[in-house]
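Computation of the quantities below employed the complete heavy-atom set of this structure, encompassing side-chain atoms and omitting hydrogens, waters and symmetry-equivalent molecules.
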Amino acid sequence: MDKRFRKIVFILLAIGAMFIIGAISINYILKNKLEKFIEERLPENMARSYDAITVESFGGSLVVTNASLIIKNSEDGVKHTFINVEKLKISDISYWDYLLNGEIHVETISLENPKIVYYEDRLKSSKDTVQKAVARIYKPIIVDRVEVKNTKLVIYEKAKDSTKVYATGLSVEIDGIKVDNGTVLRKIPFEYKDFEATSDTVFVKVSPYENLSVEDFSIKNNNAVFKNLKLKTKYSKRQLSRIITKERDHYNLTLKSLSIADFDFGFNNNLFFAKSKMVSLNAPSLEIYRDKLVADDLKTKPLYSKMLRDLPFELTVDSLKISDGNIQYEERQKEENMGGSINFKNLNAAISNVSNTYKSPEKTTLKITADFMENTPFSVDWNFDVQNKSDAFIFKANVGPLNANKMNSFTEPNLNVRLQGSTNKTFFTIGGNRETSNTAMKISYSDFRVTVLQKDGKRKNEFLSAITDIFISKNSKKQNDYYREGKADATRDQTKSVFNFLWISVKNALVKTML
């Protein structure tokens, strides 16, 4: 071997040795940095532990096994959050960015099988109004991808049935993360470019009376799909009536799928915002039961425009679509029966500008079609301006042929009234605000009769029925006029719902038109 060749070999070996030594040294330094970060830079109210930190010298990776983090209150030391991760892997750490650019650049951080348990009632809010950093950051941290795989999440509250949130199989991927001294002071303490998420079973306790469950969901490219949603009152109808002191609806809502397209959310000057181009509800089925024997809830019920206007965050939904929906409403007025019902089937709706960010005169509009009481075509054109503080609205409806007998399942048990005959066509327009309304109606009907029943809801009240025969016209056709027309005013009881206001507006106009 000549002298020159040996020199080249020695140089290459030296370079290789330096590379190996450098890689081992840098990984050793990074391992020490991570250990020091865990020990010194996390807040004192975070107890941390792990089995081991191992270094892959040439891959630039660190692996932490069986890592755990316990978060407690600074004031009283009560533990409220418990996090365990089987394996935390930090892959492909960039040495050059660390040495030359003064930043920590990581390709991937993955967490396998984390378990998160949070006790909501144990958390004691800090009295310090100044937002504090979740950790001290001396160098910017850039992570190309964070993967959280197969998470189990449980949130408990202080109650007999204390599970508030439960999720299994939750996996999340977040891309383009940046953390620095500025981001750690924000409500979301990092910046990111995109994220994806999937999950199996999700359970949420939305109130002391209702639970929400989702069979699975996926979020990708700012689009979300939730499948087989169920929002149900956890008590039976009779149980609910026994335990509540004020009137409350019993719900049973199922939804085949909920899609949210092109969404975004975050904070603007500490004010939360959420927006979407389109929200779609596919095949919702809603059953509502109201027991009127329970005491009324006398708090003020705002109209929808005020509800949107007063939301504590910015909401912008350009379009909301409902397809192939069904609604059944039952109401109980008497002790001796469980009440009667009305229904809407094949309901489709196109709603635009569901928002509190649009400016006047932009309006929220609802266009709804459905089959009322099985086969009566029913359509609605409804609009209001969210920013109009008088809550002015226009509600127009077109009702097709209706056999009055079909209404008896509702009117007989609740109103002691039996209807006969049919309406051919009904149009009405309600113009109103939060206090009053004026309704104009046109109706075509034939051989229409109203029978008032005795208190038992079965036998005919001869006297009152005879009076109705005198005052109610049997047919709309009179002196070649096919439609009877009328107008009536109504005053809203603000302790009643939006739909109660619509109902009394229509009822007053109907009485004025037919008498």
Would you say I322 and L347 make side-chain contact, with heavy atoms under 4.5 Å?
yes
Could you go step by step and tell me if R290 and D249 meet the salt bridge (Lys or Arg N to Asp or Glu O under 4.0 Å) rule?
CA-CA 5 Å; R290 178 172 295 180; D249 289 340; 2.7 Å; yes
Within the structure provided, determine whether L510 and M441 are in side-chain contact (heavy-atom separation under 4.5 Å).
yes
Walk me through it: do K345 and D371 pass the test salt bridge (Lys or Arg N to Asp or Glu O under 4.0 Å)?
CA-CA 5 Å; K345 295 187 175 181; D371 293 332; over 6 Å; no
Show your reasoning for whether ring pair (Phe, Tyr, Trp, His ring centres under 6.0 Å) applies to F344 and F378.
CA-CA 9 Å; F344 296 87; F378 179 85; 5.4 Å; yes
Any ion pair linking E331 and K292 (charged N to carboxylate O, less than 4.0 Å)?
no
Audit row: S355, T357, side-chain hydrogen bond (donor to acceptor under 3.5 Å, both in side chains) steps and yes/no
CA-CA 6 Å; S355 168; T357 61; 2.8 Å; yes
Intermediate values then yes/no, side chain to side chain contact (heavy atoms under 4.5 Å, CB included), Q239 and S241
CA-CA 5 Å; Q239 283 177 322; S241 296; over 6 Å; no
Please step through side chain to side chain contact (heavy atoms under 4.5 Å, CB included) for the pair N211 and V204, ending with a clear verdict.
CA-CA 6 Å; N211 293 330; V204 180; over 6 Å; no
Backbone of T436 reached by a side-chain donor or acceptor of N433 within 3.5 Å
yes
Are K205 and E157 within salt-bridge range, i.e. N to O under 4.0 Å?
yes
Side chains of V172 and T151, heavy atoms from C-beta outward: is any pair under 4.5 Å?
no
Here's a test for you: under ring-ring contact (aromatic ring centres under 6.0 Å, His included), which of F499, W503, W382, F384 qualifies with F395?
W382
Less than 4.5 Å apart, any side-chain heavy atom of F217 and any of L170?
yes
Note, E362 side chain near N353 side chain (heavy atom, < 4.5 Å)
yes
State, with a plain yes or no, whether a side-chain heavy atom of S207 is found less than 4.5 Å away from one of R248.
yes
Does R238 reach the side chain of L240, with side-chain heavy atoms less than 4.5 Å apart?
no
Output yes when E330 and K237 qualify as a salt bridge under the 4.0 Å nitrogen-oxygen rule, no when they do not.
yes
Find out whether Y209 and I243 are in side-chain contact, i.e. whether some heavy atom of one side chain is under 4.5 Å from a heavy atom of the other.
yes
Pairs flagged by side chain to side chain donor-acceptor pair (under 3.5 Å) wherever residues 294-306 is involved - sequence neighbours left out
D296-K496, S305-D391, K306-D310
Do the side chains of R145 and D175 get close enough for a salt bridge, i.e. N-O under 4.0 angstrom?
yes
Going by atom types only, do Q328 and N343 share a side-chain donor-acceptor pair under 3.5 Å?
no
Ring center gap for Y166 and F203 short of 6.0 angstrom
no
How about K234: does its NZ atom have over 12 heavy atoms from other parts shown lying under 6.0 Å from it?
yes
Ring pair (Phe, Tyr, Trp, His ring centres under 6.0 Å) partners of Y156, counting only residues at least two apart:
Y119
So, N326 versus S285: side-chain donor-acceptor pair below 3.5 Å or not?
no
